[in-house]
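Taking it in order: structure first as structure tokens, then the write-up.
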Amino acid sequence: MTDKRVVIVTGAGSGIGAATARLLREEGHEVVASGRRAEPLRRLAEETGALAYPSDVGDPEAAGGLVRVALDAHGRVDGLVLNAGIGRGGTVGQLSMADWDEVMRTNVTGPLLLLRAAIPHLLDSRGAVVAVASVSALLNGPGNAPYAVSKAALLQLCRSVAVDHGRDGVRANIVCPSWVRTEMADRRMARFAEEADLGEDGVEAAYREVTRPLPLGRPGEPREVARAIGWLLSPAASYVNGAVLTVDGGATALDPGTLAFDYALTPRTGTGS
């Protein structure tokens, strides 16, 4: 890659995607920001100078169009951040097939379509791919089948690029965040707070409760994940390929069977107990 790179970021309207777009622009790179919602992308473009392209990359034509927009504007594609994703819950026996299909289309098929459109140009630039998966790709939780399966599939999709195209100069790596303060996580915290009757301080109380057992004891911030993504895109990570970087406050380092020795876990009271 040259010092100034052209990077496509999906799911750039909020959260980790928006933080990544901002960081890359601060470092002087060109960013093409994609997402389903036009208004957040417009605000991001006004703030940072990124090029906004509202699209649903689960649509093959939209995925190809996103790559063409980057080429028309900047003449090359050096990096691809596969961040767009949605979450749906359910056990294997109870999940909605409509939810399953939507999660797979957004979290797996969309990245595949964009990779297929971008790979020829990443080969030309000897570029880099970073997929934003989740610790759910590595560890599971109750009622999380669609999301966990999709993120595990995204991880292996990105590793397939690492294996198949590493000799061509294309690197592909994965970041796996734990709880990070994003719109999607806020919605999950709000539901948890209501179920558990956590009171007026609901969302913040929920974040405190779910992250209390983590070694760092707090949720992450989008920019903390963005910094990891920026490093993996950069020449500083030139020999990092097919790696899975957990950005999780130590969640995956912790043996849950030891929690009782170090934490005073008390039963939750309220409607969700």
Side-chain angles (χ1 to χ4, degrees), residues 10-11 14-16 36 56-58 82-113 131-160 174-199 202-215 219-220 225 244 246-260 263 265-273:
T10 69
S14 64
I16 293 169
R36 294 180 178 179
D56 177 0
V57 294
L82 302 171
N83 174 68
I86 61 172
R88 298 287 187 274
T91 67
V92 169
Q94 297 173 340
L95 63 86
S96 156
M97 289 309 300
D99 284 348
W100 174 270
D101 291 341
E102 185 179 9
V103 169
M104 291 302 159
R105 189 180 79 87
T106 302
N107 295 4
V108 184
T109 303
L112 170 65
L113 292 171
V132 181
S134 166
V135 293
S136 291
L138 308 171
L139 303 171
N140 215 328
N144 197 37
Y147 186 72
V149 171
S150 73
K151 288 301 186 178
L154 176 62
L155 186 157
Q156 289 298 350
L157 175 64
C158 194
R159 275 190 156 173
S160 295
I174 305 96
V175 295
C176 288
S178 180
W179 288 113
V180 176
R181 291 182 183 272
T182 65
E183 287 184 9
M184 188 166 76
D186 285 350
R187 290 192 295 270
R188 183 66 187 92
M189 291 300 122
R191 292 197 303 274
F192 175 55
E194 183 178 359
E195 293 163 359
D197 193 17
L198 295 181
V203 169
E204 288 304 312
Y207 272 120
R208 286 194 297 271
E209 182 160 341
V210 301
T211 61
R212 184 163 55 97
L214 300 184
V225 185
V244 178
T246 54
V247 189
D248 64 357
T252 51
L254 180 66
D255 174 3
T258 66
L259 282 173
Y263 294 90
L265 299 178
T266 58
R268 189 183 310 119
T269 59
T271 60
S273 62

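The analysis underlying the following values was restricted to heavy atoms, covering all of them including side chains, and did not include hydrogens, waters or symmetry mates.
Residue Glu209 holds its CD atom at 5.5 Å from CG of Leu198, rounded to the nearest 0.5 Å. Here the CE-CH2 distance, from Met189 to Trp179, works out to 3.5 Å after rounding to the nearest 0.5 Å. Distance check, rounded to the nearest 0.5 Å: CG of Leu112 to CG of Asn107 gives 13.0 Å.
Across all non-hydrogen atoms, the minimal contact from Glu102 to Ile86 is CG-CD1, 3.4 Å. Glu183 and Ser14 get closest at one heavy-atom pair: OE2-CB, 3.6 Å. For Ala133 against Pro177, the heavy-atom pair with the smallest separation is O-CD, 3.6 Å. Looking at every heavy atom in both residues, Ala251 comes nearest to Leu214 through CB-CD2, 3.6 Å. In terms of heavy-atom proximity, Leu254 sits nearest to Pro213 at CD2-O, 3.4 Å. Smallest separation of non-hydrogen atoms from Ala145 and Leu95: CB-CD2, 4.1 Å.
Inter-residue side-chain proximity for Leu82 and Val57 is flagged as unmet; no heavy-atom pair is nearer than 4.5 Å. Using a 4.5 Å heavy-atom cutoff, the side chains of Val149 and Met104 are in contact.
With sequence neighbours excluded, the residues forming a side chain to side chain donor-acceptor pair (under 3.5 Å) with Thr91 are Gln94, listed by chain and number. Listed by chain and number, the residues in a side chain to side chain contact (heavy atoms under 4.5 Å, CB included) with Val244 are Leu138, Leu155, Arg159, Ile174, Cys176 (sequence neighbours excluded). For Asp56, the side chain to side chain contact (heavy atoms under 4.5 Å, CB included) partners are Arg36, Arg105, not counting sequence neighbours. Checked against side chain to side chain contact (heavy atoms under 4.5 Å, CB included), Ser136 has the following partners two or more places apart in sequence or in another chain: Ser134, Asn144, Tyr147, Ala148. Among residues two or more places apart in sequence or in another chain, the salt bridge (charged side-chain N to carboxylate O under 4.0 Å, His left out) test is passed with Arg208 by Asp201. Contacts of Val247 classified as side chain to side chain contact (heavy atoms under 4.5 Å, CB included), with partners at least two apart in sequence or in another chain: Val175, Val225, Ala228, Leu245.
Side-chain atoms of Asn83 come within 3.5 Å of backbone atoms of Gly11 as a donor-acceptor pair (strictly under, hydrogens ignored). Judged by distance alone, the side chain of Asp186 and the main-chain N or O of Arg181 form no donor-acceptor pair under 3.5 Å.
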